[in-house]
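Below: the structure, in structure tokens.
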There are 2 protein chains.
Amino acid sequence: MVEKKNSSTEQKILEAAMLEFIEKGMAGARMQEIANRAGINKALLHYYYRSKDKLFGVVFRQVFHAIAPKFSTIFQSEEDLFDKIRHFVSEYISLIHSTPHIPVFVLHELSSNPGRLSESFMDISINFDRLKQQIDEAVEGGRIKPIVPEDLIINIISLCIFPIIARPIIMPVLYEDNPDQYNQMIERRKTQAAEFIINAIKS
Amino acid sequence: MVEKKNSSTEQKILEAAMLEFIEKGMAGARMQEIANRAGINKALLHYYYRSKDKLFGVVFRQVFHAIAPKFSTIFQSEEDLFDKIRHFVSEYISLIHSTPHIPVFVLHELSSNPGRLSESFMDISINFDRLKQQIDEAVEGGRIKPIVPEDLIINIISLCIFPIIARPIIMPVLYEDNPDQYNQMIERRKTQAAEFIINAIKS
DNA sequence: ATTTAGTTTAACCAATTAGTTTAACCAATT
DNA sequence: AATTGGTTAAACTAATTGGTTAAACTAAAT
């Protein structure tokens, strides 16, 4: 018992639950397995989080928070539009690459459980106002080609997230299952994807 | 009993199973619910497909085939590169938009079941050779900016699929939960996404 | 020394679920 | 009329699983 008893147990449970839920989804996750991963037993698990539902709710919110707020922080900054795109693409690809299963987990749960989880957006303030404004200004100032701000935002995010969540398909199909080649591609994207976007819009 | 008895039962089961599996995933799907959806009873369901595993295998393969081969057919054609991109983007967005849950389903199952399903790629011949060649030629001929063919292919596919699978996030966050606005965006993309890509690469 | 919060062990309950079995039914075939 | 293949209904098995309970143990705090 080197452990300081309780202290981090709640946290250990949460981390174990995150792993299990992200890997197997709500339906596929097992409370026993979460307990195992946390190095505790089932009774204690229920002692901390009364039910699977409750625990899942906490995990989902936490996981969602882990990837969503980055939007605001970078997008609301006062950088130049092009630099902001470069900055965001690089940072966001790094973030997602470090936790590649999260987006699929979130999308799958939202997809198979429409409604119930939509509250999760409520508390998160994803704010694109400054970025939208910047895009509009750049369009009107003739710096970039006409584009609906929302469309550009969607393009940027698509190019960051999809190549990472589609790894199980991309790696075998395009890179003969060679992880190095795949990782090189992701590294490349941190700069290349941004330039791709900028080339697409600059007039 | 207007039905011609057996004949289409196997097909009805398959369709019901597709719905259930795509919606709930392998772990969340229920054999009883599949039987209900097919309008038959559980005994008959097992009579046709011995086990859930077997049924899932058939469904997964079939679902995967439904969205993968389009790659080859369009990408191997002898169209001009830019037209091919326009053609593919429009067709593929339409296809995915008509069955928006499939990509998330596939990615989720591949993600939570690495290995076991990788055989599914085997039989499918996704062939990008002609497209890669075309891109290389266009780069060497100076028609487009230098780019690794694989990178461009990934960009194209990302811009088609992601905006559709991320609908549960995009619609509330960017369009105040208004489906019309969302659908307009998807319609717009059928042409705009292609032009975005072409602008990004043409020199 | 006693209390207390955290923890374990192990048994247990109730519900769900994949899969099986049996008997009967129906419609077309022979 | 008898056979046959598809089908149903319903009961059942066996395993899994979420959740509970009760008793005992441990270490720190009082």
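Reminder, nothing fancy here: chain letters follow the sequence lines and each chain counts from 1. What you are looking at is a predicted structure, and each value in this text was computed from that prediction instead of being measured.
At whole-Å resolution of the value, CD1 in Ile34(A) and P in dG19(D) are 10 Å apart. If you measure from atom CG of Asn36(B) to atom C1' of dA9(D), you get 14 Å, rounded to the nearest angstrom.
Considering only residues two or more places apart in sequence or on other chains, Glu91(B) meets the salt bridge (Lys or Arg N to Asp or Glu O under 4.0 Å) condition with none of them. Under the salt bridge (Lys or Arg N to Asp or Glu O under 4.0 Å) criterion, Lys52(A) pairs with no residue at all, not counting sequence neighbours.
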Seminar exercise, completed: With both pairing distances under 3.5 angstrom for Watson-Crick or G-U wobble, and | for a partner in another strand, the correct string for DNA chain C is ||||||||||||||||||||||||||||||
For residues 156-179 of chain B, please give each side-chain donor-acceptor pair under 3.5 Å, one per line with the distance, not counting sequence neighbours.
residue, atom, partner, partner atom, Å
Ser158(B), OG, Ile154(B), O, 2.7
Asn178(B), OD1, Asp180(B), N, 2.8
Asn178(B), OD1, Gln181(B), N, 3.3

List the atom pairs, with distances to 0.1 Å, where a side-chain N or O of residues 37-44 of chain B and a protein N or O form a donor-acceptor pair under 3.5 Å, not counting sequence neighbours.
residue, atom, partner, partner atom, Å
Arg37(B), NH1, Glu20(B), OE1, 3.2
Arg37(B), NH2, Glu23(B), OE1, 3.1
Arg37(B), NH2, Glu23(B), OE2, 3.4
Asn41(B), OD1, Leu44(B), N, 3.1

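Aromatic ring pairs are classed by plane angle as parallel below 30°, tilted from 30° to 60° and perpendicular above 60°; the pair Phe75(A) and Phe128(A) is tilted. Ring pair Phe105(B)/Phe56(B) is perpendicular by interplanar angle, where above 60° counts as perpendicular and below 30° as parallel.
For the pair Tyr49(A) and dG19(D), the criterion of a side-chain N or O lying under 4.0 Å from OP1 or OP2 is not met. Within the structure, a side-chain polar atom (N or O) of Thr9(A) is placed less than 4.0 Å from OP1 or OP2 of dT7(C). Contact check, Tyr47(B) against dG5(D): no side-chain N or O comes under 4.0 Å of OP1 or OP2.
With respect to Asp80(B) and Arg143(B), a salt bridge is recorded, a charged nitrogen being found less than 4.0 Å from a carboxylate O. With respect to the salt-bridge test (charged N to carboxylate O, under 4.0 angstrom), the residues Lys24(A) and Glu33(A) do not qualify.
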Problem set entry | Per-nucleotide protein contact string for nucleotides 8-18 of chain C (B base, S sugar-phosphate only, - none; heavy atom under 4.0 Å) | BB-------SB
